[in-house]
Amino acid sequence: MARPLLVLLHLSCASTALQATGSTSQSAPAAGMASSAAADVVETELFPFIRVYKSGRIERLLGTDTVPASLDASTGVASKDVVIDPATGVSVRLYLPPAAAASGGEGKKLPVLVYFHGGGFMVETAASPTYHRYLNALAARAGVLAVSAEYRRVPEHPLPAAYDDSWAALAWAVAGSAPGGPEPWLAAHGDASRVFLAGDSAGANIAHNVALRAAAEGLPRPCAAIVGVLLVHPYFWDPTNAMAPALEVRIRNEWRFMCARPDAGVDDPRFCPTCAEAAPRLAALPCERAMVAVAGDDFLAVKGRAYHAALLASGWRGEAELVDTPGQDHVFHLMRPGTEAAAEMLDRVAGFISRAA
């Protein structure tokens with residue numbers, strides 16, 4: 001599941017140690033063993049997410065479990081997986097509430113919620129038990145047809161791959177909601193004039209950036225409209241809110257890793273929407289309602305509050321709601337789904353959708 005973004009990057013000196021302790025006249029097998037050992041040392045570690053070895057091997061430390069699409073017994077929500085781009089393997093998991101499934105397409109069409117999972121751009125998937133459980137609950141509670149994007153992840157696919165894949169998922173969902181479209185659930189039940197973008201942590205970052213791309217490029221159907229954006233515990237940078245120097249260094253290194261560019265700066269508008277160059281673009285957010293949720297014990301909370309304030313100050317003419325939950329940490333509603341706080345958070349998200357739809 002998504003976790004607070006804590007990062008430790010290091011370069012191992014193990015290969016140097018092997019050379020220092022070894023003989024200058026190694027036999028061929030010994031040299032081969034040393035070379036193999038050196039290739040399998042950790043080159044980069046981003047704890048608690050991932051390790052990358054000099055051999056190129058990638059070890060994800062969490063978010064690797066998956067569950068199949070299914071009919072959820074507790075909510076009655078049906079789900080299925082659809083590949084939307086065979087060339088890249090990008091797919092989505094669709095969630096259909098029970099009332100819509102029972103109607104056979106004869107009932108009222110549903111808002112379409114396009115959801116982007118968190119995980120620091122590098123762990124978790126749309127098939128994760130965490131997100132499968134949450135999207136089942138949200139689709140049932142809010143009465144939406146949910147489209148959970150399975151985007152390509154860092155480091156195999158550095159940014160902007162996740163942004164491009166997530167944009168493709170939105171465009172596919174909008175186009176597929178046309179009558180007679182190729183995806184039967186979307187064609188029968190999806191209302192492209194009521195689209196929501198939502199995500200948590202890195203997924204909230206994606207939702208923001210996909211929304212601005214929609215504002216710049218437009219959606220594939222003239223009748224389509226994004227009516228709401230939900231950013232839950234968003235993974236952003238903000239230059240006006242100081243943090244511990246060690247944590248700042250970690251986040252700067254993390255962003256470089258995500259972009260696979262040693263010169264990538266945290267003032268990148270995709271990461272810092274409140275920086276001087278990027279802030280005016282917030283006025284273009286293509287919806288009339290937005291919700292920004294933060295958790296009081298999350299170090300990213302100040303970044304989320306800064307985003308909300310900058311959005312209000314940008315000249316954007318919509319209504320922005322700030323949900324500030326004291327005494328909770330990053331993505332608490334996903335990590336502890338059975339708690340009262342998680343249930344209240346689900347109600348806030350569903351209520352936002354109901355009011356905006």
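Values below: every heavy atom of this structure, side chains too, minus hydrogens, waters and symmetry copies.
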Between Leu230 and Phe196, does the side-chain contact (heavy atoms from CB on, under 4.5 Å) criterion hold? Intermediate values first, please. CA-CA 8 Å; Leu230 300 95; Phe196 290 85; 4.1 Å; yes
Residues Phe121, Asn205; criterion side-chain contact (heavy atoms from CB on, under 4.5 Å); working and verdict: CA-CA 10 Å; Phe121 296 102; Asn205 176 298; 3.8 Å; yes
Kindly say whether Tyr163 contributes a backbone atom to a donor-acceptor pair with the side chain of Arg270 at under 3.5 angstrom? no
Is a donor on one side and an acceptor on the other found under 3.5 Å between the side chain of Thr274 and the backbone of Ala310? no
Smallest heavy-atom separation, Val52 atom then Pro155 atom, equals CG2-CG, 4.2 Å
Please assess Asp329 against Arg336 for the test salt bridge (Lys or Arg N to Asp or Glu O under 4.0 Å), listing each intermediate value before the final yes or no. CA-CA 10 Å; Asp329 54 15; Arg336 296 181 295 278; 3.0 Å; yes
Same apolar cluster (I L V M F W Y, side chains within < 4.5 Å links), Leu247/Val266: yes
Ignoring hydrogens and angles, tell me if any N or O in the side chain of Thr88 forms a donor-acceptor pair with the backbone of Val90 under 3.5 Å. yes
Donor-acceptor check, side chain of Lys80 to backbone of Leu96, threshold 3.5 angstrom: yes or no? no
Filter on salt bridge (Lys or Arg N to Asp or Glu O under 4.0 Å), then keep only pairs touching residues 91-102, sequence neighbours left out; what's left? Asp81-Arg93
Please identify each residue that fulfils side-chain contact (heavy atoms from CB on, under 4.5 Å) with Ser354, with sequence neighbours left out. none
Carefully, step by step, assess Cys223 and Arg221 under the rule side-chain contact (heavy atoms from CB on, under 4.5 Å). CA-CA 5 Å; Cys223 66; Arg221 292 181 61 201; 3.3 Å; yes
Are Trp237 and Val302 connected into the same hydrophobic cluster when the rule is that any two of I, L, V, M, F, W, Y join if their side-chain heavy atoms are below 4.5 Å apart? no
To the nearest 0.5 Å, atom NE2 of His233 lies from atom CG of Leu334 at 8.5 Å
I'd like to check Leu61 versus Pro48 (side-chain heavy atoms, cut-off strictly below 4.5 Å). Are they in contact? no
Determine, for Glu288 against Arg317, whether the closest basic-nitrogen to carboxylate-oxygen distance falls under 4.0 angstrom. no
Hey, are the side chains of Leu231 and His208 touching, using non-hydrogen atoms and a 4.5 Å cut-off? yes
Is Leu312 reachable from Val292 through a run of hydrophobic residues whose side-chain heavy atoms are each under 4.5 Å from the next? no
Checking side-chain contact (heavy atoms from CB on, under 4.5 Å) for the pair Tyr115/Leu135: CA distance, chi angles, key distance, verdict? CA-CA 9 Å; Tyr115 193 90; Leu135 268 297; 3.9 Å; yes
Note, Glu254 side chain near Phe49 side chain (heavy atom, < 4.5 Å): yes
List the steps and the verdict of salt bridge (Lys or Arg N to Asp or Glu O under 4.0 Å) for Lys54 and Glu43. CA-CA 5 Å; Lys54 286 192 174 181; Glu43 182 175 60; 5.6 Å; no
So, Arg289 side chain and Glu319 main chain: donor-acceptor pair closer than 3.5 Å or not? no
Would you say that Val294 contacts Thr325 through its side chain, given a criterion of any heavy-atom pair below 4.5 Å between the two side chains? no
Over all atoms of both residues, closest heavy-atom pair of Pro234 and Ala293: CD-O, 3.6 Å
For the residue pair Val77 and Pro97, what are the closest heavy atoms and their distance? CG2-CA, 4.1 Å
Whether the Asp200 and Tyr131 side chains hold a donor-acceptor pair (N or O, under 3.5 Å, no angle test) is what I'd like checked. yes
Does a donor on one side chain sit under 3.5 Å from an acceptor on the other, for Arg133 and Asn136? no
So that I know where these two stand, are Tyr134 and His333 an aromatic pair - ring centroids less than 6.0 Å apart? yes
Taking the side chain as C-beta and beyond, is there a heavy-atom pair between Val82 and Trp172 under 4.5 Å? yes
Val114 side chain near Val210 side chain, heavy-atom distance below 4.5 Å: no
Check this for me: does any side-chain nitrogen of one of Glu248 and Arg252 sit under 4.0 Å from a carboxylate oxygen of the other? yes
pair Ile58-Arg51: side-chain heavy atoms closer than 4.5 Å: no
Salt bridge flag under 4.0 Å for residues Asp164 and Arg213: yes
Using only atom types and a distance under 3.5 Å, with no angle test, would you say the side chain of His132 pairs donor to acceptor with the backbone of Val67? no
Using a 6.0 Å cut-off, check whether atom CD of Glu217 has over 12 heavy atoms from anything other than its own residue. yes
Is the closest side-chain donor-acceptor distance between Glu59 and Tyr53 under 3.5 Å? yes
Which atoms form the tightest heavy-atom contact between Ala207 and Leu197, and what is the distance? O-CD1, 3.9 Å
Of the non-hydrogen atoms in Ala187 and Gly181, which two are nearest, and what is the gap between them? CB-N, 3.6 Å
What residues, two or more places apart in sequence or in another chain, satisfy ring pair (Phe, Tyr, Trp, His ring centres under 6.0 Å) together with Tyr151? His117
If you look at every heavy atom in Gly120 and Met258, which pair is closest and at what distance? O-CE, 3.2 Å
Salt bridge between Arg141 and Asp347, side-chain N to carboxylate O under 4.0 Å? yes
Inter-residue atom distance Arg194.CZ - Ile226.CD1, 0.5 Å rounding: 15.0 Å
Testing Tyr235, Phe271, Trp316, Phe236 one by one against Tyr307 for a ring-ring contact (aromatic ring centres under 6.0 Å, His included), which residue passes? Phe236
Point-to-point distance, once rounded to the nearest 0.5 Å, from CE of Met243 to CG of Asp238: 9.0 Å
Atom CG of Leu94 and atom NE2 of His189: how far apart are they, to the nearest 0.5 Å? 11.0 Å
Are Val249 and Phe257 co-members of a hydrophobic cluster defined by side-chain heavy atoms under 4.5 Å apart? no
In the structure I gave you, are the side-chain heavy atoms of Thr44 and Ile50 within less than 4.5 Å of one another anywhere? no
Can you list the steps and then say if Asp191 with Lys108 is a salt bridge (Lys or Arg N to Asp or Glu O under 4.0 Å)? CA-CA 9 Å; Asp191 182 355; Lys108 182 180 178 182; over 6 Å; no
Using 0.5 Å steps for rounding, measure from the CG atom of Asp324 to the NE2 atom of His308. 10.0 Å
Working to the nearest 0.5 Å, report the span between CG of Asn209 and CD1 of Ile206. 8.5 Å
